[in-house]
There are 2 protein chains.
Amino acid sequence: MIVILLYLQTNILGMINLLSNLKIAVPEKIFIKDPESSDLGKRIVEHSILLIDEIGFDSFTFKKLGAKIGSNESSIYRYFDSKHKLLLYLTSWYWAWIEYQMVFATHNVPDYNDQLFKAIEVVTREIKEDVAFTHINEVVLNRIIINEYSKSYLTKEVDSENKEGYFVVYKRVVKRLSEIINNVDSDYEFPSSLASTIVEGSLHQHFLKAHFSSITDCGKDVTPTEFFLNLTQKVLKTTTNGTK
Amino acid sequence: MIVILLYLQTNILGMINLLSNLKIAVPEKIFIKDPESSDLGKRIVEHSILLIDEIGFDSFTFKKLGAKIGSNESSIYRYFDSKHKLLLYLTSWYWAWIEYQMVFATHNVPDYNDQLFKAIEVVTREIKEDVAFTHINEVVLNRIIINEYSKSYLTKEVDSENKEGYFVVYKRVVKRLSEIINNVDSDYEFPSSLASTIVEGSLHQHFLKAHFSSITDCGKDVTPTEFFLNLTQKVLKTTTNGTK
DNA sequence: CAAAAGTGATAGTAATACTATTATATTTGC
DNA sequence: GCAAATATAATAGTATTACTATCACTTTTG
């Protein structure tokens, strides 16, 4: 793993500036050559996000991507073993980015309830604005996570890939959330299941909103964030002042 | 749609016998020729379930299936347009089977809370025993639903396929559950989202149990059923006697 | 300035996801 | 009982996919 470089500045201008100094850490075995290390690598990542969003992961090929970035299929294979590995890269990047926001949003927040509120917001919200400081379009990447994330682990190779550490970032996000849940109500018996339900369930609600609107209440007026905040508040005994 | 033939006998010997008289209804456009109408069709369905479970849907091909049942690839194409349509068939069958159990389990139950309890049990439990009255192995099919169901709708064609009615059965299961939720607590604002979260979330918890055990509490001692029953009880204001 | 590393172009392979055609076997309707 | 219809099997063929391998060329770097 590349170590996250946390430049903790005294006068932070905001997350956007901070993020431009921060390298999102992705498990190293996922790629052959770090796409962040070259111009071509960055263009592969940038345009793979756009192309997967456009035609879907199933129709996506390295040949088509090559055509789009004016490069060759064989060059892309020098960065990633397969399109599956590229998806693992993109999803790991996304969850590392979410994790960063979660840590940032809950850091120095004294009240555990407030921490939980903010953490749920971070993992359940729809990304609507591109940070625009990197080559990665987070709005589009968020859509890809909603539409394709499950495919990265619903394979016959999950267990071996899990051993290789390809899903650590995702699991860490869920674990952080479950710890916050545990801080709010240590008597609650299922903090991990609740956390994983919120993270994955929120992706699902976003999907339903867009495609199966008849089986969700989320839509114009209600967001998945509201639904899961309401749910969590009811499930946990939130002590009125759960100060750190 | 083929109409469900509900033989409501006066002396019901149990669900198993009833099921052997019942034809599970699958939207007709999913198949070219009804696999229930011939011996070959039934063998296609029976062994596709076993083969998908064995090698995974991604590696599954009609050629391999043909080899397994001593038939020809081209003959299988006479029943299903594509392996995607076959998956839609299997998943529709599964949800129709679950729907049937849900209706059966809640039928004539006077108390709404009891209805909810039973409905959640039906949609969240792991199938451990094969009914063994049909060619369909429900234990194995349940595993396929856990591992492959998302792939049936996470496609670029969802919207058009949804219009064709390929997902009606699933949506009906969620809607039935959300109606029961609504009966228990009509003040609750998100019955559809809660219902869809229970149905899909339970599949997810079963998956985590098997592959990412560190981010779920479900395992040896705790079942997804317990988790979601506990959650639902807390989320809803269950009036002590919500009689019909 | 030479070696190394990165990129591009081309070719080739086995498998996939089909379609089309023809032959043969089985069922059915009169 | 037999012809017609239907079902199944066998074979061949297509475009595409998901790669691997090789070689040429260009850029970087020690």
Engineer: Under the criterion ring-ring contact (aromatic ring centres under 6.0 Å, His included), I'd like the reasoning laid out for B/W95 against B/Y100: C-alpha separation, chi angles, the key distance, then a yes or no.
Structural biologist: CA-CA 8 Å; B/W95 292 116; B/Y100 170 73; over 10 Å; no

Engineer: For B/D159, check salt bridge (Lys or Arg N to Asp or Glu O under 4.0 Å) against everything at least two apart and list the hits.
Structural biologist: none

Engineer: With a non-hydrogen cut-off below 4.0 angstrom, is B/K63 in contact with a base, only sugar-phosphate, or nothing?
Structural biologist: nothing

Engineer: Rounded to the nearest angstrom, tell me the gap between atom CD1 in B/I32 and atom P in D/dT8.
Structural biologist: 13 Å

Engineer: Could you tell me which residues satisfy salt bridge (Lys or Arg N to Asp or Glu O under 4.0 Å) with A/K83, sequence neighbours excluded, listed by chain and number?
Structural biologist: none

Engineer: Under 3.5 Å, sequence neighbours excluded: what are the donor-acceptor pairs made by side chains of residues 65-73 of chain B?
Structural biologist:
from, atom 1, to, atom 2, distance (Å)
B/K68, NZ, B/E54, OE1, 2.6
B/N72, OD1, B/S74, N, 3.0
B/N72, OD1, B/S74, OG, 2.9

Engineer: By salt bridge (Lys or Arg N to Asp or Glu O under 4.0 Å), which residues pair with A/K29, not counting sequence neighbours?
Structural biologist: A/E164

Engineer: Going 5' to 3' along DNA chain C, between which two nucleotides do contacts with chain A fall, using a heavy-atom cut-off of 4.0 Å?
Structural biologist: C/dG6 to C/dT10

Engineer: For residues 55-77 of chain A, which residue pairs qualify under ring-ring contact (aromatic ring centres under 6.0 Å, His included), counting only residues two or more places apart or in two chains?
Structural biologist: A/F62-A/Y77

Engineer: Could you list the residues that satisfy ring-ring contact (aromatic ring centres under 6.0 Å, His included) with A/H211, not counting sequence neighbours?
Structural biologist: A/F207

Engineer: Taking only residues two or more places apart in sequence or in another chain, which ones pass ring-ring contact (aromatic ring centres under 6.0 Å, His included) with A/Y166?
Structural biologist: none

Engineer: For DNA chain C, which residues of residues 64-86 of chain B approach it to below 4.0 angstrom with any heavy atom?
Structural biologist: B/K64, B/E73, B/S74, B/Y77, B/R78, B/D81, B/S82, B/K83

Engineer: My understanding is that only residues two or more places apart in sequence, or in another chain, count here; which of them pass salt bridge (Lys or Arg N to Asp or Glu O under 4.0 Å) with B/K85?
Structural biologist: B/D81

Engineer: Please list, by residue number, the residues of residues 38-48 of chain A whose heavy atoms come closer than 4.0 Å to an atom of DNA chain C; answer none if no residue qualifies.
Structural biologist: A/S38, A/L40

Engineer: How many Å lie between CZ on A/F62 and C1' on D/dC19, as a whole number?
Structural biologist: 10 Å

Engineer: Once side chain to side chain donor-acceptor pair (under 3.5 Å) is applied, do any residues pair with B/R43, and if so which ones, sequence neighbours excluded?
Structural biologist: none

